[in-house]
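Reviewing the structure listed below.
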Amino acid sequence: MRYSQMLIPTTRETPAEAEVVSHQLLLRGGFIRKLASGIYTYLPLGLAAVQKVARIVREEMNRAGAQELLMPMVQPADLWKESGRWQKYGTELLRFTDRHDRESCLGPTHEEVITDLARNELQSYRQLPMNLYQIQTKFRDEIRPRFGLMRGREFVMKDAYSFDVDDAAAGRAYDRMYEAYHRIFRRCGLDFRAVEADTGTIGGSFSHEFMVLASTGEDTLVICGQCDYAANVEKARVVIRPGQQEGGSERIEDVKKVETPGMKKVDTVAGFLGVTIDRLIKTMVYLADGEPVAVLVRGDREVQPVKLKNLLGATEVELADDETVYKKTGLPIGYLGPVNLPLRMAADQEVMLMKNCIAGANEKQFHLTGVQPGRDFQPVLTGDLRQITADDRCPSCGGSLTLTEGIEVGHIFKLGTAYSEVMRATFQDREGQARPFVMGCYGIGVSRVVAAAIEQNHDENGIIFPLPLAPCQVIVLNLGVNSEETTSAAERLYEELRQGGLEVLYDDRDERPGAKFKDADLLGIPYRVTVGKTFEKEGKVEIRRRRDGHTETVPCGQAAGFIVELVRGELAAFESNGK
RNA sequence: CGGGGCGUAGCGCAGCCUGGUUAGCGCGCCUGCCUUGGGAGCAGGAGGUCGCAGGUUCGAAUCCUGCCGCCCCGACCA
């Protein structure tokens, strides 16, 4: 590729709209351009990077025995009505009618279509197991698209669906994907973790998310330092420590009402009463599918909404704002408490172990002391409702935990028979009985992987692509475009590198050296070869590694062979890493 | 959808509050000279429905109304 002929519109300044690094650098490096909110054009270099990821994904899916197909983007509403998701999916599903007034939607995912295909084409247990996947553009009318490729409305996704005869077989399919995903992200050269996750709206029983570790991640993970336990905080189980169970030998007090003028926050109340905030019970009102629920956690804890949602069996929970709380309960915010609270209550397990607590009195300017859970109030539901913290112990081995941010790039689910049952997708087993397929589904955000790779690999000068994801492996800088000798040497080198099977960007532009260096850094191409002054003086070129600036000077004639070896060796290491 | 902010040249911004010359500046772009190892210099030049529509006014980028678009904070997710 000759730089002078390519569309690589780099900019020196950062566009104002970009908040996170990957978005900034993708824009500055001329990888993408925005067409509308959350909708981007992939320019040649951006497309190249996406295709690098897609290729690795494709190879590993095929290796794992999955078959590639391509499903339509436009899907009939009938199918979605059948699965029940026409109602359930909400406004993220972009719906429209065609010229014949037929209701349709743009596919945000393809469970319906694949299940329809399976029920039509798979009749016998002898055709199973089957795993089908596609790499395709998805459309989700995100409430709030942001961060460039990280959360677009339109994005490239690999989605795979497995069909099996029973749970055990489906479990094996799941495990195979779990392995394949590890190979994929290892081959991409990413620092990632597989974590236990909540299943969300896709439903199903069990799932893992694949998280690229990066501080800009939208998810928080807990990782155990002693064993291999790792989970999304939405899911991470909080275990009660043995000491906590028995409680202290404190004398049990009676409920007393104390005046706490103007004190609504837990820490001001605790400060006023001269106790630590873990003596308080925090009462928050949530709306679960529109119905108010009081949620109780210890004063120093945070409610984990996903856990709450699951415990209540609700499809949606949100924290009620002050006005709503007042309207629904008539109670003063800041003075809510569980004693005689006329609301459905859900308590975190930890609350029930507390003694002599302080809580709101459900009366303005008053709190209660000496509150005993179980004696003075009894919640309808108790369970693990709070967010895990770094002070908690690993639920699996009791080891110490670390919290980290991550970007979700993959998610695998055991779906069971959720879709096959409602859509009557069955096969005949050995006995001739009709049985629903046991399914799994497996997604990878292909375009998001590119963004995540950049979040994880960049410096102040620009992107530092992991070798397997780089749009090209080498950039050759001709710093003497006016010198015939330098130019012919650079051209020869470019040719030799290509002959050696490398993807090369040849900077033949009539630009000053500074501009070429800056662009080369910005684009994040792993190796840079400079043909310039050193060549003119000594017949040598400089080979510089983007990641750490390590530079070697070699005679021009040997350069191509040297680089080809280097790159091949490194790429092979990534590939075997995947195996 | 709720809360906050922005829309002026390809990009980054000023001008608007307090209406009034040909609407500026930096980067980029074009031409020429010069320069060539970390985004040079000089000279000349092109490029604008001031987001859209309506209103107020002798006069609107500037004031008012409505609409549209974009960004940030929350719920959603690959």
Side-chain angles (χ1 to χ4, degrees), chain A residues 9-20 23 27-28 30 33-39 53 57 89-93 108-109 135-160 181 197-202 209-212 218-219 232 234 286-287 305-306 309 315-319 321 323-324 407-413 441-452 461-462 477-483 486 510-522 528 530-537 542 544 549:
Chain A
T10 59
T11 66
R12 196 189 307 214
E13 278 162 315
T14 304
E17 68 190 48
E19 181 85 352
V20 299
H23 190 192
L27 250 16
R28 281 195 57 209
R33 283 296 181 262
K34 186 177 68 191
L35 180 65
S37 181
I39 302 181
V53 177
V57 169
Y89 212 92
T91 45
E92 205 175 296
L93 183 63
T109 173
I135 295 176
Q136 198 226 27
T137 296
K138 293 277 192 274
F139 191 92
R140 292 184 187 170
D141 201 358
E142 287 283 338
I143 303 158
R144 186 151 92 86
R146 64 185 133 174
F147 303 152
L149 292 192
M150 206 95 103
R151 180 180 296 280
R153 293 150 84 202
E154 204 177 280
F155 59 99
V156 180
M157 179 172 164
K158 185 284 303 181
D159 47 326
Y181 273 41
D198 185 70
T199 51
T201 47
I202 301 217
E209 286 168 337
F210 287 76
M211 297 283 192
V212 167
E218 294 184 90
D219 291 277
N232 193 309
E234 293 175 350
Y286 276 79
L287 294 178
V306 173
K309 189 171 90 177
T315 51
E316 207 189 320
V317 298
E318 59 173 331
L319 189 59
D321 58 39
E323 203 183 319
T324 316
I407 301 165
E408 183 185 355
V409 289
H411 202 157
I412 59 178
F413 300 85
C441 81
Y442 317 92
I444 290 180
V446 174
S447 44
R448 184 183 278 183
V449 168
V450 174
N461 295 313
L477 302 190
N478 176 358
L479 295 191
V481 283
N482 296 320
S483 152
T486 309
D510 186 13
E511 286 287 344
R512 298 167 58 82
K516 294 193 178 194
F517 289 136
K518 287 290 183 191
D519 278 334
D521 283 351
L522 177 61
R528 183 184 87 190
T530 308
V531 188
K533 212 180 263 175
T534 319
F535 172 74
E536 282 161 31
K537 281 194 216 139
E542 291 140 23
R544 182 185 155 99

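The chains referred to below are lettered A, B, ... by the order of the sequence lines, with proteins before strands, and numbering in each begins at 1. Keep in mind the model is a prediction, meaning the values are calculated, not measured.
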Query raised in the report: side-chain hydrogen bond (donor to acceptor under 3.5 Å, both in side chains) with A:Glu13: which residues, sequence neighbours excluded?
Result: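 For A:Glu13, no residue satisfies side-chain hydrogen bond (donor to acceptor under 3.5 Å, both in side chains) once neighbours in sequence are set aside.
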Under 3.5 Å, which N/O atoms of the protein pair with N/O atoms of nucleotides 2-6 of chain B?
none

Query - Base of B:rC77 paired with side chain of A:Arg151 (donor-acceptor, under 3.5 Å) - result: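 Side chain to base: pair found, below 3.5 Å.
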Requested in this report: Sugar-phosphate atoms are those with a prime plus P, OP1 and OP2; base atoms are the rest. Using that split, label each nucleotide of nucleotides 24-37 of chain B B, S or - for protein heavy atoms under 4.0 Å, 5' to 3'.
Outcome: --BSS------BBB
Query raised in the report: Can you list the residues that meet the ring-ring contact (aromatic ring centres under 6.0 Å, His included) rule with A:Phe155, with sequence neighbours excluded?
Result: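 ring-ring contact (aromatic ring centres under 6.0 Å, His included) check on A:Phe155 returns nothing, list empty.
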Query raised in the report: Do A:Thr137 and A:Glu154 have side-chain atoms, one donor and one acceptor, less than 3.5 Å apart?
Result: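 Their side chains do not contain a donor-acceptor pair, so the 3.5 Å distance test is not met.
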Considering Watson-Crick and G-U wobble pairs with both distances under 3.5 Å, what does [N] pair with?
{"N": "B:rA40", "result": "none"}
{"N": "B:rG26", "result": "B:rC11"}
{"N": "B:rG48", "result": "none"}
{"N": "B:rC1", "result": "B:rG74"}
{"N": "B:rG69", "result": "B:rC6"}

Not counting sequence neighbours, which residues clear side-chain contact (heavy atoms from CB on, under 4.5 Å) with [X]? List them please.
{"X": "A:Val306", "result": "A:Asp198, A:Glu234, A:Gln304, A:Asn310"}
{"X": "A:Pro513", "result": "A:Leu479, A:Phe517"}
{"X": "A:Arg33", "result": "A:Pro9, A:Thr11, A:Leu27, A:Leu43"}
{"X": "A:Arg153", "result": "A:Ser37, A:Ile39, A:Phe139, A:Asp141, A:Glu142, A:Pro145"}

Query - A:Lys34 side chain reached by A:Pro15 side chain, heavy atoms, under 4.5 Å - result: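 Counting from C-beta outward, A:Pro15 and A:Lys34 never come under 4.5 Å.
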Requested in this report: Evaluate the side-chain proximity of A:Arg28 to A:Leu522: yes if any heavy-atom separation is below 4.5 Å, no if none is.
Outcome: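 They are in side-chain contact.
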Atom [atom1], compared across [N] and [M]: separation rounded to whole Å:
{"N": "B:rC33", "M": "B:rG19", "atom1": "C1'", "result": "45 Å"}
{"N": "B:rA60", "M": "B:rC52", "atom1": "C1'", "result": "15 Å"}
{"N": "B:rU22", "M": "B:rA61", "atom1": "P", "result": "12 Å"}
{"N": "B:rC63", "M": "B:rC17", "atom1": "C1'", "result": "11 Å"}
{"N": "B:rC27", "M": "B:rC73", "atom1": "C1'", "result": "31 Å"}

If you look at every strand shown and take non-hydrogen atoms under 4.0 Å, does [X] touch a base, only sugar-phosphate, or nothing?
{"X": "A:Arg153", "answer": "nothing"}
{"X": "A:Glu318", "answer": "nothing"}
{"X": "A:Lys138", "answer": "nothing"}
{"X": "A:Asp519", "answer": "base"}

According to salt bridge (charged side-chain N to carboxylate O under 4.0 Å, His left out), who are the partners of [X], at least two apart in sequence or on a separate chain?
{"X": "A:Glu536", "value": "none"}
{"X": "A:Arg528", "value": "A:Asp521"}
{"X": "A:Arg544", "value": "none"}

Atom pairs, N/O to N/O, protein against nucleotides 41-43 of chain B, distance under 3.5 Å?
none

**Report entry** Among B:rC72, B:rG39, B:rA78, the nucleotide that comes nearest once only the side chain of A:Glu142 is considered
**Finding:**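 Looking only at side-chain atoms, A:Glu142 lies closest to B:rA78.
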Report task. Compare the minimum distances between each of B:rC72, B:rG38, B:rG39 and the side chain of A:Asp521, then state the nucleotide with the smallest one. Result ->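 So the side chain of A:Asp521 is nearest to B:rG38.
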Report task. Output yes when at least one side-chain N/O atom of A:Ser37 is less than 4.0 Å from OP1 or OP2 of B:rC71, else no. Result ->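 Yes, such a contact exists.
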